[in-house]
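By convention here, the first residue in the shown sequence is residue 1. Computed from a predicted structure; not experimentally measured. One-based numbering, in listed order, for ligands and for the atoms of each.
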Amino acid sequence: MDHQNHPYSLVAAKLDWQDGVPSAKDYGDVYFSRDDGLAESRYVFLQHNRLEERWRQLDGSTQGRFTVCETGFGTGLNFLLTCELWLRTAPPSWTLHYISCEKHPLTPGDLHRALSAWPSLRELSTILQDNYPPLIPGQHRRYLHKSQICLDLLFGDILDTLPQLLDSVCPNSPEGAIDAWFLDGFAPATNPGMWQPALFDSMARLSHCGSSFATFTSAGLVKRGLRDVGFVVHKVKGYGRKRDMLCGEFEHYRDACSAESASQRLPLARLPWHQPGSEQAPQTALVIGGGLAGCSTARALAERGIAVTLIERHPVLASEASGNPQGVLYTKLSPEPGALNWFTLNSFLFALAHYRPILRKAPHCGDFCGVLQLPGSEREADLMTRLQDKLYDQPWLEFVTPERASTLSGLNIDRDGIFYPQAGWLSPPDICAAYVAHPLIERIHHREVATLVDDGKQWQALSADGQLIASAEAAVVAGSHEASRLSQCSWLPLRRIRGQLSYFHSDDIAASPQCVVCHDGYFAPPRDGVFCLGASFDLHHIGTDLSAADHQFNIDTLAKLSPSLLKDGAKPFGGRAALRCASPDYMPIVGAVPDAAAFDRDYAGLRKDAKQAIPNPGRYHRQLYVNVAHGSRGLTSTPLSAELIAAYLCSESRPLPRQLAEPLSPARFLIRDLMRNRR
Ligand code: SAM
């Protein structure tokens with residue numbers, strides 16, 4: 001399925017139940033053995049991948065990831081058993097990265113019913129159910145059990161989703177590739193569509209020497225398919241009454257694809273310019289910028305054992321666009337496919353899960369009281385109606401009538417809208433403070449980085465007078481539009497968009513909403529007796545002084561929601577203006593920093609023929625990344641972006657598919673300009 005064309009459609013599993021054991025109507029096969037599902041799963045997948053033995057040998061004095069990839073998540077039984085063993089045997093400093101592909105996910109109700117068969121797994125199964133993603137195609141990343149487990153659920157056909165991981169790891173690198181395969185999926189006879197040469201080819205290209213696999217089946221086509229691409233295959237005794245099963249290890253890659261099946265796999269380098277070379281994970285990193293992008297990146301790196309020096313020119317964190325006292329965890333979805341909409345959806349769903357534990361630990365950081373989105377124009381109302389046709393029956397959003405919207409918000413609402421029950425408002429400065437509270441993050445304030453110099457091993461951050469501020473093996477530029485002051489990023493097309501908030505005392509407002517209401521502006525419940533109304537949107541002025549015109553804009557916007565909300569004569573007692581940073585296509589800019597001069601030379605042919613396929617891999621600055629242009633949605637987009645930067649730096653499998661990593665890549669602007677002959 002091409003996700004770009006069907007961003008919301010996914011067919012859930014259709015189940016039959018017999019004695020508490022689910023089977024799939026469409027495949028006529030069971031999800032786990034009727035005899036002893038737990039014992040069979042442990043025997044086939046855990047034992048025959050030698051997981052306990054391998055995990056007991058991991059070096060507890062270091063941090064790392066062990067990656068398992070499964071074909072067919074189903075009820076999550078294999079996942080839970082793997083987690084249970086991991087938590088018992090692996091060093092706590094390591095992370096289990098469990099990637100599972102699932103074409104027809106169970107509904108939450110069916111998942112609950114299936115997992116209630118295993119009382120011994122209750123605790124872990126509750127955690128899984130609390131974090132189970134909505135049935136939306138694509139990749140869903142969730143951290144569980146104090147981040148000791150990273151679950152990537154890839155909803156969609158494995159023949160589409162697995163190749164999306166391919167260029168996200170360094171081929172043949174023991175760090176980045178899959179360490180163990182669980183080849184589940186229904187029996188080849190009932191599900192021939194999955195057991196294809198393209199699956200074996202993807203497996204081989206994601207494996208390193210010594211990657212193991214195990215599968216319940218001993219079918220000849222599986223045995224041959226795996227051997228043909230480079231696995232050593234052993235036929236061993238199956239579980240219980242089953243005669244045989246297969247297990248083995250990967251040796252080295254063999255291209256065994258016929259012309260027909262080769263057309264099914266994605267070429268490794270669909271856009272060769274996009275692939276930054278993979279390097280060893282650094283032990284130290286600089287992060288420049290102490291707003292949401294910088295602090296979330298610093299935290300994602302520190303969680304992986306990297307010692308971070310965060311440099312912020314202001315005396316406190318979150319002093320610019322991330323400094324508003326209230327920000328909304330918000331999304332605006334479109335019925336149209338496309339990268340921007342897909343990223344908007346993915347990053348929103350990730351952010352909802354990401355902030356939950358932070359809020360639990362530090363409730364003063366915000367309130368997930370729900371967000372009501374109302375259309376600001378007829379066009380927006382029409383888009384909402386079209387969205388409703390595609391996104392009905394999803395628990396994370398509710399299409400609401402004016403009556404229901406009024407009940408939820410406690411205001412008089414005259415329009416249909418969308419309610420996001422799990423979202424709300426957050427205080428970006430408090431979130432930044434929570435991110436940097438980590439022993440591996442050190443901060444340097446009051447210093448402004450004017451130059452970044454690479455001495456071949458370290459990036460040196462220098463001030464305008466040439467003084468060394470700090471140095472580290474890797475650097476991430478997260479300083480919003482200031483990024484373009486650094487010579488390596490000077491060509492980034494960053495826009496500044498001024499926005500102003502207006503503050504009112506609670507006595508000035510006639511009614512307080514029970515949830516955040518987003519219309520042309522936003523109207524949130526008061527914080528410490530203060531309403532923050534916002535925000536204006538101004539592309540022409542780049543000052544940050546408060547303006548009377550912007551206050552009036554915010555007042556008029558609130559009046560459009562309801563003219564009686566602001567009491568007669570009420571005036572803002574203050575406000576805050578800041579500059580958002582955006583890109584021309586409104587996608588954030590997240591990824592490796594390309595060597596612009598080398599790009600100009602290597603891809604010069606695009607000036608004459610924009611469609612020319614130039615096979616040169618892109619040339620990038622060593623260990624230099626950028627994470628900017630989050631516009632007014634930084635709360636939503638920065639958590640997933642920080643994960644992406646961390647995955648690049650540590651050669652991990654990415655948190656989002658290649659079709660999204662490419663449109664986020666900074667190099668896209670160089671390539672576009674060359675294609676238009678503008679460079
Ligand atoms: N591992 C699961 C567990 O622990 O419960 C059981 C897996 S069940 C036997 C097989 C699963 O493979 C089903 O959930 C099915 O929807 C999934 N599946 C079948 N064909 C697939 C495909 N082409 N792509 C992804 N998933 C597929």
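- Of the charged side-chain nitrogens involved, none lies within less than 4.0 Å of a carboxylate oxygen, so that Arg356 and Asp130 do not count as a salt-bridged pair.
- Applying the ring pair (Phe, Tyr, Trp, His ring centres under 6.0 Å) rule to pairs touching residues 214-234 yields Phe213-Phe231, Phe231-Phe250, sequence neighbours excluded.
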Contacts table for ligand 1: protein N or O within a distance under 3.5 Å of ligand N or O, distances only.
residue, atom, partner, partner atom, Å
ligand 1, 1 (N), Glu70, OE2, 2.8
ligand 1, 1 (N), Gly72, O, 2.8
ligand 1, 1 (N), Asn78, ND2, 3.2
ligand 1, 1 (N), Asp184, OD2, 2.7
ligand 1, 4 (O), Leu77, N, 3.2
ligand 1, 4 (O), Asn78, N, 2.9
ligand 1, 5 (O), Thr75, N, 2.9
ligand 1, 5 (O), Thr75, OG1, 2.6
ligand 1, 14 (O), Glu102, OE1, 2.6
ligand 1, 14 (O), Glu102, OE2, 3.1
ligand 1, 16 (O), Glu102, OE2, 2.5
ligand 1, 20 (N), Asn191, ND2, 2.9
ligand 1, 23 (N), Asp157, OD1, 3.1
ligand 1, 24 (N), Ile158, N, 2.9
ligand 1, 26 (N), Lys103, N, 3.0

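- The pair Asp26-Lys14 meets the salt-bridge criterion, since a charged nitrogen lies less than 4.0 angstrom from a carboxylate oxygen.
- One side chain, Ser212 or Arg54, offers a donor N or O that lies under 3.5 Å from an acceptor on the other.
- In this view, Phe399 satisfies the ring pair (Phe, Tyr, Trp, His ring centres under 6.0 Å) rule with no residue, not counting sequence neighbours.
- When the ring pair (Phe, Tyr, Trp, His ring centres under 6.0 Å) test is applied to Tyr31, the partners found at least two apart in sequence or on another chain are Phe186.
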